[in-house]
Structures are given as C-alpha cells and as structure tokens.
Amino acid sequence: MVTLEELQVRTLGECRYDSPLADYVASRTTNAYYVAETDRVLIDDTISLLAARGETPLTEVPSFEPGGPRRKIFFDPKKTKVGIVTCGGLCPGLNDVIRAIVLELFEHYGVTDITGFKNGYAGLVPGKSPDPITLTPAFVETITDRGGTVLGSSRGSQNVPQIVDNLVHREIDILFVIGGDGSMRGAHAIAEEALSRELDIAVVGVPKTIDNDIPLIGTSFGFQTAYAKAAESIKGARVEVEAAIGGVGVVKVMGRAAGFIACYAALANHDADFVLIPEVPFNLQGENGLLATLRKRVKERGSAVIVLAEGAGQDLIPASRRKDASGNTVLGDFAGFLRAQIARDFKDHDEPLTLRYFDPGYMIRSVPADAADSVYCTRLAQAAVHAAMAGRTDMVIGRPRHRFAHVPISVVVKNTQQVNPDGDLWLSVLESTAQPFDMS
Ligand SMILES: Nc1ncnc2c1ncn2[C@@H]1O[C@H](COP(=O)(O)OP(=O)(O)O)[C@@H](O)[C@H]1O
Ligand SMILES: O=P(O)(O)OC[C@H]1O[C@](O)(COP(=O)(O)O)[C@@H](O)[C@@H]1O
Ligand SMILES: [Mg+2]
C-alpha cells in the first residue's frame, strides 16, 4: 500500500509570483466538485477502507495533492520556456493534450515560448531526430482532427545527462512528457538528474496508454476511444460467425500485461462468449478447459466469439526472449497457437468449424480521440500546466477517484495496474459472457 510520504509531490521552491488565474480561485473552497489547493484527495473512498485506518488522523492517511490553478506560481510567465515531448506507442488524444497545453500556456499564463521536441526522447538529444518545432495556437488549431501525434514518437533508450544538457542549453524551464510507463520512468530520470544539478526545471507527465495499465491515475486518456474501436471488431466477428456453420471468431486486441481493453470492448455489447486476459489463468485442455467449453458453447448456440488480450495465454507457449527497443518483452504468438488448437480440436471431435480471425491491431490506437476522451485530455493538460507553473516536478497528472490530482512519478511506475480477478470488472465480464468462472 502506498504511504502518505510516498505521495508527497516534489516542488522546485517557493511560489513567489501571483498567478494570472488567482482571481478564478480566490474565493473557492472545497466542495463536491472542487478541491481547494489547501486540501487533499483521499485514496480511500469507502467507509470500511477508511475505518480500516483505525486511529490514524485524517491528515496522515494516504492522500493526493489536488490538481488545479494556484494563487501563487513558481515561474514568471514572461520568462518561462516550455518543451513538450510525446513518447512510446500511439494513443488517441495525444494531439488533444498537446493542443490544450499550448492553449492554456498562451491564453491563461501568457507563456509563449513553447518548443515541440520531435520523435520522443530521441528528439531531446541533439542530432538524433529532426530539429524541434515551435508550437503556437495557430499551429495546434486543427491538430486534433487526426490521430497520432504531430510531434512523432519513438521507443528506445536515450542518454539522460545529454537530455538535461540540451534542456539547459535551450533554457527550458518546464518539460511536459506525454507517454506511458516507460516514458514516465524516463521523465523520473530526467527530473532526478535536473534536481541533482539543482536546476529549476519542472518535469510534469501526462500519462498515456491505451492499455490503461498505469496505477493510481484513474483511467488513462485514449483508453475509452481504443476499446470502443476494438468493440467494432468484436461486433464484426459476431456477425461473421452467426452466418457460418460452426462459427468461431477470435478477436485479438492490444493489452500487454493488462486485459482492460479486452474486458471493456467485450462489455460494450454482448457479442463475446469468452474473454481471455493475462490476469486470469486458463487451460486449453481438460473438461473445464477452453476447448471443451468452446465446443459446448458452439453446440448450444451455433457460434462463439473469443476476445483475446494479446498478453493472455503466454504461459501456454514457449517464453519469448525478444525485447523491443525500450526493453519491453515482445509477446509470443498465442493467437496463432490458439487458432491451430481450436482447428485441431474441432477436427478431432468431428465438429464443423468456420474459424474467423480479427486483429484490429494499430487501428484502435491510431484514431482520433472521441469527444469524451478529448474533454478528458483537455482537462488533464490544463491541470498539468497549473502544476508545472506552480513548480511541481517529477509528477504526473491523474484523476484518481474522479478528482484531478498530482501523483509522484515514483509511485506510478512502481507497479502495473491490472484487472483484479476478484474485482467487479471481471465479475461483469463473467456475467456478460457466461463463461465458466474457472477454466484452469
Ligand atoms: N528507466 C528508464 N530511464 C530512461 N528512459 C526510459 C526508461 N524506461 C523507458 N524509457 C524510455 O521511455 C521511452 C518510452 O518507453 P516505452 O516503454 O517505449 O513506451 P511507453 O512510455 O508508452 O511505455 C523510450 O524512449 C524508453 O527508452
Ligand atoms: O508500438 P509497438 O512497438 O508495436 O508495441 C505495441 C504495444 O504498444 C501498446 O499499444 C501500448 O503500449 P505502451 O502504452 O507501453 O506504449 C500495447 O498495447 C502494445 O502491446
Ligand atoms: Mg509501456
């Protein structure tokens, strides 16, 4: 369990300047929809969780610093220089975050010197990527019409001291890092390097991942758009298999270590019969195994659709030793193995089979954000700007318990958020699919 001490956000120093937004917040106090800067957001949100803290005074239970504008800020807006970088895999909403950061800086703080570094951390190392670009409200005006990121992205490790040297050389005061768990580890390393050199450089992250596998931030932006897109493939699979004799659809969706996309896409409509995720072990063989259960389902209902998170079933195939440029494990092809096993099993049992395979792959993350995600991106970006202008560093913006909050990077990279097999999400999936509780 995370402690109050771990949740203390690092600051560059005393906030000496009046914020241009001070009037907006001057008379506000905490209410059901706003958390004052003097207040904290509790991690616990049920009576029994809070009661389990026993005698601990409320000021000492784990809590987050709230997001939002401050009355006093650390940086002098007239002199502040800002950098923005997007790293790791694509995610719907990256351009929405870039646009909202630029607009918030320009329009509310009067910060006009904003540099966009190209192609992830490679763009922060001179000579490794195209030159940085200047970001203005005019430049970002229409960038949300398309998915992806106007700044480009990359995987692969870069030299952190060189990155900090370059930030110093360019006189960057604030670096916004929009990226996933790997990017946040990088942002932490950059923030630490800057702090160790006693530099007043704020490093603030906006966590992105379609996998929704970053803990303590609520839901990551782009996740909703991605699973809605994945749900379209599941619907397609349902239509295909219903029209076929012995129809079985396998839909593989992204999700390395977490099955959130698979679960939500399956729940979006009742088209899935089985959801397989990395968090819940299953067997193929045996009376309770997937193959026997699948044959039974096809016999009873005429067809079946399996939604497979790409990280599921990795324990049933030889372990992959391959790594990508960032050191992430390149997963083995369980989907191919599963299809072969299904084909053989139906043949062995003399059952007719029409097997349809869907892999929406990159389609689910290359689309623009839907309206709800766009709103979310805008609000995360605004909160990130407020935090950075107030001199917060080595932190990310999150929305735990539906409150915008500052979360130290060190705590979000400690673990991977996963679907809890004993939680209400997995229960909903079991209810919706009617798949057996235990297929191990
Ligand atoms: N511990 C680390 N220190 C410095 N940079 C890191 C670290 N971990 C990952 N990175 C860098 O962060 C970037 C993005 O990481 P990656 O895992 O590819 O994507 P994501 O941020 O989406 O998880 C890559 O350039 C990678 O080298
Ligand atoms: O972009 P790549 O290198 O093909 O990697 C694909 C991986 O990226 C993701 O889309 C997102 O992962 P990250 O959030 O770590 O970038 C995963 O779901 C998927 O496994
Ligand atoms: Mg990652």
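Everything quoted here is computed from the prediction, not taken from an experiment. Counting starts at 1 for both ligands and their atoms, in listed order.
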By the definition ring pair (Phe, Tyr, Trp, His ring centres under 6.0 Å), identify the one residue from Tyr109, Phe74, Phe404 that meets it with His386.
Tyr109

Hydrogens and angles aside, do Thr378 and Arg99 bring a side-chain donor and acceptor to less than 3.5 Å of each other?
no

Under 4.0 angstrom from ligand 2, any heavy atom of Gly255?
yes

Starting from atom 20 (O) of ligand 2, which protein heavy atom do you reach first, and at what distance in Å?
Glu310 OE2, 2.5 Å

How about NZ on Lys414, more than 12 heavy atoms from neighbouring residues, nucleotides or ligands closer than 6.0 Å, or not?
yes

Any donor-acceptor pair under 3.5 Å linking the side-chain atoms of Asp96 with those of Ser374?
yes

Checking the N or O distance criterion of under 3.5 Å, is ligand 2 in contact with Tyr362?
yes

Atom pairs and distances, side-chain donor-acceptor, residues 228-235, under 3.5 Å, sequence neighbours left out:
residue, atom, partner, partner atom, Å
Lys229, NZ, Glu232, OE1, 3.2
Lys235, NZ, Asp271, OD2, 3.0

Would you kindly check if the NZ (Lys) or CZ (Arg) of Arg403 is within the cone defined by 45 degrees around the ring axis of Phe64 and under 6.0 Å from the six-membered ring centre?
no

Atoms of ligand 2 less than 4.0 Å from Lys208 heavy atoms?
13 (P), 14 (O), 16 (O)

Closest contact, heavy atoms only, Tyr357 versus Ala335
OH-CB, 3.4 Å

Within less than 2.8 Å of the Mg ion (ligand 3), any N, O or S from Asp181?
yes

Need the list: ligand 1 N/O atoms against protein N/O atoms, distance under 3.5 Å, rounded to one decimal.
residue, atom, partner, partner atom, Å
ligand 1, 8 (N), Gly182, O, 3.4
ligand 1, 10 (N), Gly182, O, 3.2
ligand 1, 12 (O), Gly182, O, 3.3
ligand 1, 17 (O), Asn328, ND2, 3.0
ligand 1, 18 (O), Arg155, NH1, 2.9
ligand 1, 18 (O), Ser326, OG, 2.6
ligand 1, 19 (O), Arg155, NH1, 3.1
ligand 1, 21 (O), Gly180, N, 2.9
ligand 1, 21 (O), Gly180, O, 3.4
ligand 1, 21 (O), Gly182, N, 3.4
ligand 1, 21 (O), Ser183, N, 2.7
ligand 1, 21 (O), Ser183, OG, 2.4
ligand 1, 22 (O), Lys208, NZ, 2.8
ligand 1, 23 (O), Asp181, N, 3.4
ligand 1, 23 (O), Asp181, OD1, 2.6
ligand 1, 23 (O), Gly182, N, 3.0
ligand 1, 25 (O), Gly156, O, 2.6
ligand 1, 27 (O), Gly156, O, 2.8
ligand 1, 27 (O), Ser157, N, 3.1

Under a heavy-atom criterion of less than 4.0 Å, does Gly89 contact ligand 2?
yes

Give the contacting part of Leu90 toward ligand 2: side chain, backbone, both or neither, where contact means a heavy-atom distance below 4.0 Å.
neither

